[in-house]
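Counting starts at 1 for both ligands and their atoms, in listed order.
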Amino acid sequence: MNVDFYEKLWMWFAGAVIVVFLTMVGIATFAWGLRPPSHVETVDPTQLMSDPRFAQQGAVTNSDGSVTVTYVAGMFFWLPAEVRVPAGRKITFRLSAMDVTHGFQVAGTNINTMVIPGYVAQLSYTFERPGEYLIVCNEYCGTGHHTMGGRIIVEAQP
Ligand code: CUA
């Protein structure tokens, strides 16, 4: 069977493109840790504020030194709007929405999850650098979407 030179060339090229793409996906997944958060837990969105898991928002230090931060998202706010957490320790975020779908993104990190009414979004992150981190909503949720911000203050540990 005769395969034309240019046909061969394009076949190798197509094969190389696939290898490059798979390598990029592999690096992003295993080296950078970019992967979608997976945590299936439901909550009644109409009772969110009285649900024991969400009645108290904010940061709580666990017995092992890690911190759990509970957030309620609504039009157009994050509760709490500002939170203080320690650097270099595992922070677990637990979020749910009381009205519509919001998007929890922390600028300068890979924290990014949808916050869907009826579901609990959960993810963990360790802030290595102290400083002020901006929370934005990245799912269009209504006329005040662009004003829906918040802050995480990461404090250096003595
Ligand atoms: Cu909340 Cu956009």
Side-chain angles (χ1 to χ4, degrees), residues 17 20-158:
V17 165
V20 168
F21 284 179
L22 287 177
T23 305
M24 287 163 68
V25 170
I27 290 170
T29 304
F30 300 109
W32 299 347
L34 297 181
R35 55 180 73 91
S38 56
H39 176 77
V40 179
E41 183 183 340
T42 56
V43 62
D44 180 354
T46 62
Q47 305 297 319
L48 191 58
M49 297 306 269
S50 53
D51 188 288
R53 292 168 290 172
F54 285 91
Q56 199 77 43
Q57 304 96 35
V60 172
T61 305
N62 306 308
S63 53
D64 65 353
S66 67
V67 174
T68 301
V69 186
T70 304
Y71 273 102
V72 166
M75 292 147 95
F76 302 97
F77 52 82
W78 297 105
L79 275 180
E82 187 179 302
V83 84
R84 286 173 183 273
V85 295
R89 275 200 249 160
K90 182 180 162 190
I91 314 293
T92 298
F93 293 94
R94 286 174 53 78
L95 312 97
S96 197
M98 56 163 59
D99 38 39
V100 299
T101 298
H102 300 274
F104 183 74
Q105 182 173 0
V106 181
T109 72
N110 69 351
I111 299 173
N112 187 354
T113 183
M114 287 173 89
V115 184
I116 303 167
Y119 289 89
V120 179
Q122 180 173 307
L123 57 87
S124 295
Y125 188 81
T126 303
F127 292 91
E128 299 299 346
R129 273 176 299 134
E132 204 176 294
Y133 292 75
L134 179 69
I135 304 169
V136 295
C137 178
N138 64 8
E139 290 278 342
Y140 183 74
C141 51
T143 50
H145 162 71
H146 61 287
T147 65
M148 191 169 163
R151 276 190 303 176
I152 297 173
I153 316 279
V154 178
E155 294 172 325
Q157 290 304 285

Is any side-chain heavy atom of Gln57 closer than 4.5 Å to a side-chain heavy atom of Trp78?
no

Hey, are the side chains of Tyr71 and Pro80 touching, using non-hydrogen atoms and a 4.5 Å cut-off?
yes

Kindly confirm whether atom 2 (Cu) of ligand 1 is within less than 2.8 Å of some N/O/S atom in His102?
no

Give the minimum heavy-atom separation between Val43 and Ser96, together with the two atoms involved.
CG1-OG, 3.4 Å

Can you give me the closest heavy-atom contact between Glu155 and Pro130, atom names plus distance?
C-CB, 4.2 Å

Between atom 2 (Cu) of ligand 1 and His145, which N, O or S atom of the residue is the nearest one?
ND1

Name of the Glu139 atom (N/O/S only) found closest to atom 2 (Cu) of ligand 1:
O

Rounding to 10°, state the angle centred on atom 1 (Cu) of ligand 1 that links SD in Met148 with SG in Cys141.
120°

